[in-house]
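For reference, the structure is listed below as structure tokens.
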Amino acid sequence: MTDVPSRRPPGTPCWVSLMAHRADRARDFYGALFGWEYVPGPEQLGAYVLAELDGRPVAGIGEGPPAPHRPVAWTTMLATDDVDRAAELVRECGGTVGVGPLQVGPEGRLALAVDPSGAVFGIWEAGTFGGAEAAGALALSELVTRGAGVVGFYEAVFGLDAVADGAGRFLLRAGGRPVAVVRDVGSRLPRDRGAHWTTAFAVRDVSFAADRALALGAALGSAAASPPAVTLTDPEGAAFTLVPLT
């Protein structure tokens with residue numbers, strides 16, 4: 001945990017969280033793949049742990065309800081200065097709030113929501129915990145969707161501004177700085193996933209890390225990533241992308 005976090009601009013991806021069927025197996029997989037070590041997370045989240053790299057927080061892993069057919073996925077958390085107001089705006093702008101807002105001890109306040117395109121995301125108001133700090137671990141997040149209409153939702157909820165690149169991509173910017181990407185893939189949107197936020201981890205050698213992941217029980221993902229990035233699914237089916245560390 002950080003003592004006094006530097007707050008990220010609203011709408012900035014600040015954390016990713018995985019609720020696995022078997023948290024112990026997820027910890028083993030990602031620990032072996034990335035060299036993560038684990039420390040206990042906030043007491044309010046039960047057996048939830050914080051993954052660390054070189055002593056700095058990277059991601060969170062917990063264990064979800066014991067439902068065998070529940071899909072497992074990484075959830076991207078977006079920063080806010082006021083989670084209660086952000087939750088109100090989510091509802092006003094056509095999204096839904098499934099969990100919270102709720103207090104997570106002194107660490108911060110949390111809500112989980114779904115945007116109008118069906119993509120799940122979290123909202124995090126930092127208290128003593130600001131989010132991921134390990135350099136290069138959490139790479140630029142991307143919302144993959146069908147149609148660009150959802151861009152206005154994130155502009156309205158988080159005060160972001162969007163710039164189109166003419167190739168079906170929109171850069172979401174906070175204070176003029178790109179913080180995330182919205183990519184309209186049209187009919188190429190994976191049927192097994194629908195609209196979703198991607199989770200990308202930066203590594204020094206993508207090919208080596210991908211081979212290591214496959215040896216640990218991962219599989220190649222159904223959504224192709226642009227080389228040299230590689231998309232995989234972990235042993236429980238949670239998708240993630242490996243990108244080069246820059």
Side-chain angles (χ1 to χ4, degrees), residues 10-19 30 59 70-79 90 93-98 112-124 131-132 136-158 160-174 177-203 206 209-210 213 218-234 236-244 246:
T12 303
C14 61
W15 189 245
V16 287
S17 187
L18 179 72
M19 300 304 289
Y30 289 101
R70 175 180 61 84
V72 177
W74 284 96
T75 299
T76 297
M77 312 293 297
L78 305 180
V90 165
C93 296
T96 59
V97 178
L112 296 178
V114 182
D115 73 21
S117 74
V120 176
F121 66 100
I123 309 171
W124 181 253
L138 176 61
L140 187 66
S141 297
E142 184 175 73
L143 172 61
V144 180
T145 186
R146 176 183 296 164
V150 74
V151 168
F153 170 84
Y154 289 95
E155 290 180 306
V157 173
F158 294 101
L160 300 170
D161 66 275
V163 177
D165 69 354
R169 285 165 43 106
F170 293 80
L171 290 178
L172 297 180
R173 305 187 307 179
R177 185 177 67 88
V179 296
V181 175
V182 176
R183 181 159 57 99
D184 174 12
V185 298
S187 61
R188 293 181 290 113
L189 184 69
R191 292 185 179 181
D192 60 338
R193 298 193 66 192
H196 61 277
W197 280 91
T198 64
T199 296
F201 297 111
V203 294
V206 170
L220 289 174
S222 59
S226 299
V230 175
T231 296
L232 301 139
T233 58
D234 71 18
E236 289 192 342
F240 63 99
T241 300
L242 301 173
V243 299
T246 56

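Fair warning: this is a prediction, and the values are worked out from it, not measured in the lab.
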Q: Give the minimum heavy-atom separation between Pro228 and Pro244, together with the two atoms involved.
A: CG-CG, 3.4 Å
Q. What is the ring orientation for Phe240 with Phe201, classed by angle as parallel under 30°, tilted 30 to 60°, or perpendicular over 60°?
A. tilted
Q. Do Val90 and Ile123 have side chains that get closer than 4.5 Å, going by heavy atoms?
A. yes
Q: Show the numbers, then the answer: is there a side chain to side chain contact (heavy atoms under 4.5 Å, CB included) between Leu143 and Asp115?
A: CA-CA 11 Å; Leu143 172 61; Asp115 73 21; 3.8 Å; yes
Q. Do Leu232 and Leu220 touch side chain to side chain, with heavy atoms closer than 4.5 Å?
A. yes
**Q.** Minimal non-hydrogen separation, Ala119 against Trp197, with atom names
**A.** CB-CD1, 4.2 Å
(Q) Tell me the closest heavy-atom pair linking Val151 and Ala162, and the distance in Å. (A) CG1-CB, 3.3 Å
Q: For Tyr154 and Leu78, work out which heavy atoms get closest and say how close.
A: CE2-CD1, 3.8 Å
Q. To the nearest 0.5 Å, how far apart are CZ in Arg70 and CD in Glu236?
A. 7.5 Å
Q: Would you check if the side chain of Arg173 reaches a backbone N or O of Pro178 as a donor-acceptor pair within less than 3.5 Å?
A: no
**Q.** Point-to-point distance, once rounded to the nearest 0.5 Å, from CZ of Arg193 to OG1 of Thr198
**A.** 8.0 Å
Q: Locate the shortest heavy-atom distance separating Val179 from Gly11; write the atom from each residue and the value.
A: CG2-O, 3.9 Å
Q) Could you state the interatomic distance from CG (Leu160) to CZ (Arg177), rounded to the nearest 0.5 Å? A) 10.5 Å
Q: Starting at NE2 of His196, measure out to OG1 of Thr76 and round the result to the nearest 0.5 Å.
A: 9.5 Å
Q.
Taking salt bridge (charged side-chain N to carboxylate O under 4.0 Å, His left out) as the definition, give me every residue that meets it alongside Arg169, ordered by chain and number, with sequence neighbours left out.
A. Glu142, Asp165
Q. Quick one: CH2 on Trp74 to CH2 on Trp15, what's the gap to the nearest 0.5 Å?
A. 8.5 Å
Q: Identify the heavy atoms of Phe121 and Val114 that sit nearest to each other, and give their distance.
A: CE2-C, 4.0 Å
Q. Going by heavy atoms in the side chains, are Asp234 and Tyr30 under 4.5 Å from each other?
A. yes
Q: Flag the pair Val97 / Leu112 as yes when at least one side-chain heavy-atom distance between them is below 4.5 Å, and no otherwise.
A: no
(Q) Going by side chain to side chain donor-acceptor pair (under 3.5 Å), name the residues that satisfy it together with Asp184, two or more places apart in sequence or in a different chain. (A) none
